[in-house]
Amino acid sequence: MSLENIEKPVPSDFIRDIVAKHVAEEKYPRIHTRFPPEPNGYLHIGHAKSICLNFGIAREFGGICNLRMDDTNPTKEEIEYVESIQTDVNWLIGDWAEDRLGLKPKGKTPQTISGDGKRDFIQPAIFGTSEAERKNSTTPFEPFYASDYFDQIYDYAEQLIEKGKAFVCDLSAADMELYRGAPDRPGQDSPFRNRSAEENLDLFQRMKAGEFPDGARTLRAKIDMASSNVWLRDPILYRIKHAEHHHTGAKWCIYPMYDFAHCLSDYIEGVTHSICTLEFEVHRPLYDWILESLHLPRALPKQYEFAKLIPSHTIVSKRKLIALVQDKIVTGWDDPRLPTISGIRRRGVTATALRNFAIGVGVTKYISLTDVAVYEHAIREDLNKRSLRRLAVLRPIKVVITNYPEGKVEELDAVNNPEDLNAGKRQIPFSRELFIERDDFAEVPPPKFFRLKPGGEVRLKYAFIIKCDEVVKDAAGNITELRCTADLDSKMGGPTAGRKVKGTIHWVSAAHAIDAEVRLYDRLFTEAEPEKDGRDYRTVLNPNSLEVITAKCEPSLNHADANERYQFERLAYFTLDKDSTPGKPVFNRTITLKDAWAKEAQKG
RNA sequence: UGUCCGAUGGUGUAAUGGUAACACAGCGCCCUUUGGAGGCGUUAUUCAUGGUUCGAAUCCAUGUCGGACAGCCA
């Protein structure tokens, strides 16, 4: 079984309970969910939860999950985002749910079916393929687009007008706000509410034909201006926007609103369970009203809502993320400190780890703050199992082994991954002059310091036990070199190999070490809730969220593989960054190892 | 002073009228050629009040607190 396929027990939550019940009742021929982002920004960790929920359900119940661009507002959406969304979704679902991904042949628009003298629109999904198969296929696939249904949605709007359930309204935006009332105060009917179906049809067609400027008129549902639910107070279905659309070009100058387009898109695609976040709870009656008013021939989709993921020590709102990029607080959408999926990926977090986290937080209707420590645990748990161990010294100090011959080099065996012996071994060169970590030596050791100290002994990982004989300093009193003697019998297999010394430290041979740029990433914010009580998140930025250093690495790291994950022993997990060039590797620190000594040292 | 939704250890979730459990975090111990990983142990929980019931985290009522909703955004 591959690492990717090691999964936690199947989760259970209130939505899955509902789905399981529907499966038992055979309510639908097949469970069909969808993940419907608006292509107006990059996907982030919150979307990851939604992706895992929707694809997870498809996977557990033998269903399909469509990827759909919810692109009904041309002024906010761009192709760049459409592409990044596809990349991120494919990466996240990987071989976990790739065969549940519902797509369609490129360019395909809904079929029209006539039965009982009634039109019906259907946009079926193709699924059951792997990403590799799709790439090699002669027929290109693409995600679904709400904008592919503009003709059908327009048709539905006319049907509503004919039924007397929608009207063209000439109220200005300001007047409409006045007429809407407030949550605790009823609204008033629009003076245009009782236009005839013929007049409405004519006006709506002229809206489509481009006769009116932006904002001049809207198409509104005729529901109830006195409803306690503001979303039922004759909500806008269509607005005029003379704007080019990234997918439909200049074809339209009227665009449906989210509420009108979404439920109908779900219906056209045969979605059974339309899962969204809690803020849409109050929209649900409208979702149902539109579908029921149209008297559609097939089973209607139902909307279910869950609480979105709010991770601590970060921000997730699209607007704020854009600000971080624009203010150059981070380097771009894929900055490894960002909670965007592209940033998370670049940081070195695996799709498996992100999924385990996103699934592990559970699905409820309670709005909670998820401690970033839970996320970090999921990353470490995954990386511990898969990462290749390597020796690297971040902040070097020179050590000379005085009883080791000058010019001698020996290759020592080192295990690649103690958690997976199949990962094999490699050899590391050892010689007279080494680098060890500055923090691993203390001239005046604090209590419980297990590392190198004057007159003390420590184990060099995979090598000898050494003893510090002399501390060499420059004129300013800075330590420049440690002179040590090795117990030459103490290496693996040697007579004194079993000798117990309290500490084991990492090292590299000075002559053989390669330099690598290492980017040490940390949390972007120092506070769990950067914007708590309306505070400006800029006041709680972590000044140390990125530190760039040059590290001394064992030679094998010259051939580091971008698809691998590495643990620099005793330090942290790293992955190769895309900025690497041949001979000049750049490593990103994904997450530190747990550091029990740091905790202990803090107590003292 | 409207409608809807919610409340279980420090945090996040489970228990679907029948012993309040799991994970993270914390603390302690064991083990360790990573102060990692692993193992063992431990601290700590049902918003309040009333009701129904043999029995309530679960059902009902009232209250308290928190959230969502008044874009021609999604």
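Just so it is clear: chains get the letters A, B, ... in the order the sequence lines come, proteins before strands, and each one is counted from 1.
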Point to revise | Positional range of nucleotides in RNA chain B within the contact set of chain A, heavy-atom, under 4.0 Å | key: B:rG2 to B:rA74

Practice item. Please work out if A:M492 contacts a base, only the sugar-phosphate, or nothing of the nucleic acid, heavy-atom cut-off 4.0 Å. Key: base

Review point. A:D17 near the nucleic acid: base, sugar-phosphate alone, or nothing, with a heavy-atom cut-off under 4.0 Å?
Key: base

**Study point:** B:rG66 and B:rC54, which share atom name P, separated by this distance in whole Å
**Key:** 38 Å

Exercise for review: Classify the nucleic acid contact of A:H506 as base, sugar-phosphate or nothing, counting any heavy atom under 4.0 Å across all strands shown.
Suggested key: nothing

**Study point:** Neighbours of RNA chain B within residues 303-310 of chain A, by heavy-atom distance under 4.0 Å
**Key:** none

Practice item. Report which part of the nucleic acid A:E38 touches: base, sugar-phosphate, or nothing (heavy-atom distance under 4.0 Å, all strands). Key: sugar-phosphate

Review point. Say you pick atom C1' in B:rC27 and the same atom in B:rU16; how far apart are they, in whole Å?
Key: 35 Å

Review point. Below 6.0 angstrom between ring centroids: does that apply to A:Y375 and A:F357?
Key: yes

Point to revise | Along RNA chain B (nearest heavy atom to each residue), the more 5'-positioned of A:F14 and A:D70 | key: A:F14

**Study point:** Side-chain donor-acceptor contact under 3.5 Å, A:R389 with A:H506
**Key:** no

Review point. Across the strands shown, which category fits A:T75 at heavy-atom distances under 4.0 angstrom: base, sugar-phosphate, nothing?
Key: nothing

**Study point:** With A:E531 via side-chain contact (heavy atoms from CB on, under 4.5 Å) - residues at least two apart
**Key:** A:I315, A:K320, A:Y537

Exercise for review: For nucleotides B:rA57 and B:rU3, find the distance between their C1' atoms and express it as a whole number of Å.
Suggested key: 27 Å

Exercise for review: Would you mind classifying the nucleic acid contact of A:E419 as base, sugar-phosphate or nothing, using non-hydrogen atoms under 4.0 angstrom?
Suggested key: base

**Study point:** Residues that A:S312 engages under side-chain contact (heavy atoms from CB on, under 4.5 Å), provided they are two or more places apart
**Key:** A:L369, A:D371, A:V372, A:A528

Exercise for review: Scan A:L593 against the nucleic acid and name what it touches under 4.0 Å (heavy atoms): base, sugar-phosphate only, or nothing.
Suggested key: base

Practice item. Take atom P in B:rC22 and the same atom in B:rG36, then report the distance between them in whole Å. Key: 24 Å

Check your understanding: Heavy atoms under 4.0 Å, any strand shown: does A:S490 hit a base, just sugar-phosphate, or nothing?
Key -> base

Review point. Given the P atoms of B:rU11 and B:rG71, what is the spacing between them in whole Å?
Key: 35 Å

Check your understanding: Base, sugar-phosphate, or nothing for A:Y255, non-hydrogen atoms under 4.0 angstrom?
Key -> nothing

Exercise for review: Considering only atom P, compute the distance from B:rG9 to B:rC47 and round it to an integer number of Å.
Suggested key: 7 Å

Check your understanding: How would you list, by chain and number, every residue that makes a ring pair (Phe, Tyr, Trp, His ring centres under 6.0 Å) with A:H245, sequence neighbours excluded?
Key -> A:F150, A:Y255

Exercise for review: Mind checking A:R180 for me? I need base, sugar-phosphate or nothing, with any heavy atom below 4.0 Å counting as a touch.
Suggested key: sugar-phosphate

Check your understanding: Of all residues at least two apart in sequence or in a different chain, which pass the salt bridge (charged side-chain N to carboxylate O under 4.0 Å, His left out) check with A:R284?
Key -> A:E305

Practice item. Determine the contact category for A:T218: base if any of its heavy atoms lies under 4.0 Å from a base atom, sugar-phosphate if only primed atoms, P, OP1 or OP2 are that close, otherwise nothing. Key: base

Practice item. Remember a base hit wins even if backbone is also touched, and classify A:F449 as base, sugar-phosphate or nothing at under 4.0 Å, heavy atoms. Key: base

Review point. How far does the P atom of B:rC65 sit from the matching atom of B:rC60, given to the nearest Å?
Key: 22 Å

Check your understanding: Under 4.0 angstrom, heavy atoms only, what part of the nucleic acid is A:S312 near: base, sugar-phosphate, or nothing?
Key -> nothing

Point to revise | Candidate list A:L434, A:I436, A:V458, test side chain to side chain contact (heavy atoms under 4.5 Å, CB included), partner A:I466, passing option | key: A:V458

Could you list the donor-acceptor pairs under 3.5 angstrom formed by side chains in residues 179-186 of chain A, with sequence neighbours left out?
none

Practice item. Could you label the plane-to-plane angle of the A:W252 and A:Y154 rings as parallel, tilted or perpendicular, counting under 30° as parallel and over 60° as perpendicular? Key: tilted

Check your understanding: Looking only at atom P, what distance separates B:rA7 and B:rU13, rounded to whole Å?
Key -> 10 Å

Review point. Quick one: CD on A:E281 to CH2 on A:W231, what's the gap to the nearest 0.5 Å?
Key: 14.0 Å

**Study point:** Sugar-phosphate, base or nothing in reach of A:R389, heavy atoms under 4.0 Å
**Key:** base

Point to revise | B:rG71, syn or anti by chi within 90 degrees of zero | key: syn

Exercise for review: Could you tell me which residues satisfy side-chain contact (heavy atoms from CB on, under 4.5 Å) with A:A353, sequence neighbours excluded, listed by chain and number?
Suggested key: A:V349, A:T350, A:D382

**Study point:** Partners meeting ring pair (Phe, Tyr, Trp, His ring centres under 6.0 Å) with A:F144 (sequence neighbours left out)
**Key:** none

Exercise for review: Check ring pair (Phe, Tyr, Trp, His ring centres under 6.0 Å) between A:F192 and all other residues, then give those that pass, not counting sequence neighbours.
Suggested key: none

Check your understanding: Dot-bracket for RNA chain B, 5' to 3', counting Watson-Crick or G-U wobble pairs under 3.5 Å, with [ ] for crossing pairs and | for inter-strand pairs?
Key -> .((((((..((((....[..)))).(((((.......)))))....(((((..]....))))))))))).....

Review point. Does A:N416 have any side-chain contact (heavy atoms from CB on, under 4.5 Å) partners at least two apart in sequence or in another chain, and if so, which?
Key: A:L388, A:R390, A:A423, A:R426

Point to revise | Whichever of A:D371 and A:K491 has its nearest RNA chain B nucleotide further upstream toward 5' | key: A:D371

